[in-house]
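Take a look at the structure set out below.
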Number of protein chains: 2
Amino acid sequence: MNARRKFRREGEERRRQDLIDATLDSVAEHGLEGATVRIIALRAGVTAGLIRHYFPGKEDLLQEAYAALMGRMTEQAKAALLMEDASPRQRLAAFVTANLNAPIIDQRVFSLWATFIGRAGADPTLARAHREGYLGFRNEVEAVVAEVLAAERRKPDASELRHHAIAINAIIDGLWIEGCLAGEMFEPGELAAIGIKAIEAELGLAPE
Amino acid sequence: MNARRKFRREGEERRRQDLIDATLDSVAEHGLEGATVRIIALRAGVTAGLIRHYFPGKEDLLQEAYAALMGRMTEQAKAALLMEDASPRQRLAAFVTANLNAPIIDQRVFSLWATFIGRAGADPTLARAHREGYLGFRNEVEAVVAEVLAAERRKPDASELRHHAIAINAIIDGLWIEGCLAGEMFEPGELAAIGIKAIEAELGLAPE
DNA sequence: AGGCTATTTATACACTTGCACAACAACGCC
DNA sequence: GGCGTTGTTGTGCAAGTGTATAAATAGCCT
């Protein structure tokens with residue numbers, strides 16, 4: 001009786017990833033408050049003490065989990081911009097489509113984003129992490145917009161470009177939220193179509 | 001020594017309001033996890049035990065605080081739509097302007113919104129509360145849009161109207177987020193101007 | 001096969017949490 | 001002014017928190 005639990009030794013990188021994933025799952029399901037070390041460890045299939053073997057403290061685990069979440073989100077979105085041999089306009093459309101469909105449109109991802117970002121007001125570290133991510137995202141948008149307009153032989157000045165980028169960023173973000181929170185109210189692809197049309201209107205492009 | 005603390009008996013409604021306000025302050029400052037009954041009570045200038053005299057439990061206090069927050073936000077926004085003797089287009093612009101300036105654009109309000117909405121995935125009660133608020137908001141938008149287009153002698157069908165409302169809603173939400181999270185990056189009134197221009201483009205209105 | 005070592009478990013600890021409850025005192029009423 | 005009601009305080013408690021640390025064992029090296 002009282003036999004000690006069997007266990008396997010996983011590689012360090014694997015264990016850290018598992019713990020981070022378990023953290024994200026726990027936060028999504030129970031919120032930051034409910035994501036205790038014991039819950040997280042249970043989900044990862046280990047005991048609570050192990051967390052401290054890989055992370056200096058719970059706070060560090062949360063930080064890394066947030067970074068991982070943002071990394072995955074922006075990575076998937078930016079990939080759409082890298083398409084070779086496609087017109088700027090097609091790349092912009094692909095970017096929007098990528099952002100307004102699964103897996104970016106996802107209630108769990110949104111819950112996580114909201115939970116973490118809610119602390120940006122109190123946690124300067126988090127606030128700066130977001131700021132940088134946001135500016136990076138907006139700069140990507142601005143770059144494609146510049147290409148799109150150049151292909152139409154238009155020469156917007158810097159201020160005009162910035163305004164377009166802000167507006168387009170807002171359109172994508174806003175539709176993303178709507179899709180995440182009320183996904184079943186939209187047909188598949190509907191949000192992307194609305195987004196592309198709205199952006200073309202913003203840029204004054206004739207429908208294709 | 002060890003004298004018992006002096007206190008005053010406030011009216012029931014007043015105390016409940018104070019506790020709700022203290023809850024919102026605490027959540028905004030420390031997050032849901034850090035908003036303990038003791039912190040909340042301290043902020044309200046009472047001792048922790050009193051909370052249970054006015055609310056069945058902490059969970060109920062949080063629910064009421066969220067409801068109060070949403071009520072204040074939508075109330076202020078909708079007020080802009082009620083302007084008498086103004087053209088539909090002016091009312092739409094006023095609505096956008098109201099939503100994209102203080103006090104709606106506010107980091108604290110955003111933090112609260114994000115913190116609470118992050119639990120919508122796990123908490124069905126919260127999810128439904130949001131859904132209703134969102135649909136109400138979008139219906140308001142759709143109604144004004146219909147008026148604006150009617151004034152231009154255009155007859156959009158239901159699907160077109162819905163798409164416009166979704167896009168405009170996204171523009172407002174997206175700009176709201178940008179403003180709340182990076183307010184100092186924008187000139188006063190700049191977001192509202194961007195929003196109005198984007199919406200006019202979406203609706204195909206000629207600039208005034 | 002047998003030991004070494006780092007990974008993992010298990011237990012303990014100090015502290016915080018939400019909540020229960022009894023004592024107390026502010027205020028209205030007579 | 002005294003009294004009763006009840007809003008309010010203070011204390012206590014069991015459950016749960018993050019963290020520290022010792023004991024155990026899985027897997028590699030020779």
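Both backbone and side-chain heavy atoms feed into the values below; hydrogens, waters and symmetry mates do not. Here is how names work: the chains are called A, B, and so on, in the same order as the sequence lines, proteins then strands, and each is numbered from 1.
B/K6 places its NZ atom 9 Å from the C1' atom of C/dA25, with the value rounded to the nearest Å. Distance, B/R8 CZ to D/dT8 P: 10 Å, rounded to whole Å. B/L61 places its CG atom 15 Å from the C1' atom of C/dT17, with the value rounded to the nearest Å. Remark: C1' of D/dG27 and CD of A/E10 are 12 Å apart, rounded to the nearest angstrom.
Against DNA chain D, the stretch residues 37-46 of chain B makes heavy-atom approaches under 4.0 Å through B/R38, B/V46. Across residues 11-28 of chain B, B/R15 each have a non-hydrogen atom less than 4.0 Å from an atom of DNA chain D (numbered order). A heavy atom lying under 4.0 Å from DNA chain D marks the following residues of residues 47-56 of chain B, by number: B/T47, B/G49, B/L50, B/H53, B/Y54.
Residue pairs that meet the salt bridge (charged side-chain N to carboxylate O under 4.0 Å, His left out) test with at least one member in residues 157-172 of chain B, sequence neighbours left out, are A/E190-B/R162. Among residue pairs with one or both ends in residues 169-187 of chain B, those qualifying as salt bridge (charged side-chain N to carboxylate O under 4.0 Å, His left out) are A/R131-B/E184; sequence neighbours excluded. Applying the salt bridge (charged side-chain N to carboxylate O under 4.0 Å, His left out) test to every pair with at least one member in residues 136-150 of chain A, sequence neighbours left out, gives these pairs: A/K78-A/E140, A/R91-A/E147. Counting only residues at least two apart or on different chains, the ring-ring contact (aromatic ring centres under 6.0 Å, His included) pairs with a member in residues 77-117 of chain A are A/Y66-A/F116, A/F95-A/F137, A/F110-A/W113, A/F110-A/W176, A/W113-A/W176. Residue pairs satisfying the ring-ring contact (aromatic ring centres under 6.0 Å, His included) criterion with at least one member in residues 12-39 of chain B, sequence neighbours excluded, are absent. The salt bridge (charged side-chain N to carboxylate O under 4.0 Å, His left out) contacts involving residues 20-35 of chain A comprise A/D21-A/R72, A/D25-A/R43, A/D25-A/R108, A/E29-A/R43, A/E33-B/R119, where partners must be two or more places apart or lie in separate chains.
Residues that satisfy the salt bridge (Lys or Arg N to Asp or Glu O under 4.0 Å) test with B/R14, not counting sequence neighbours, are B/E10, B/D18. Here A/K197 pairs with nothing under the side chain to side chain contact (heavy atoms under 4.5 Å, CB included) rule; sequence neighbours left out. A/R16 is linked by a salt bridge (Lys or Arg N to Asp or Glu O under 4.0 Å) to A/E64, counting only residues two or more places apart in sequence or in another chain.
Within the 3.5 Å criterion, the main-chain N or O of B/L135 finds a donor-acceptor partner in the side chain of B/N139.
Where B/A35 and B/R5 each meet DNA chain C at their nearest nucleotide, the meeting point lying more 5' is that of B/A35. The residue among B/F7 and B/E33 whose nearest nucleotide of DNA chain C is located toward the 5' end is B/E33.
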Check: Between B/I51 and B/V46, is a side-chain contact (heavy atoms from CB on, under 4.5 Å) present by the stated rule, with each step listed?
Finding: CA-CA 9 Å; B/I51 288 181; B/V46 298; 5.6 Å; no

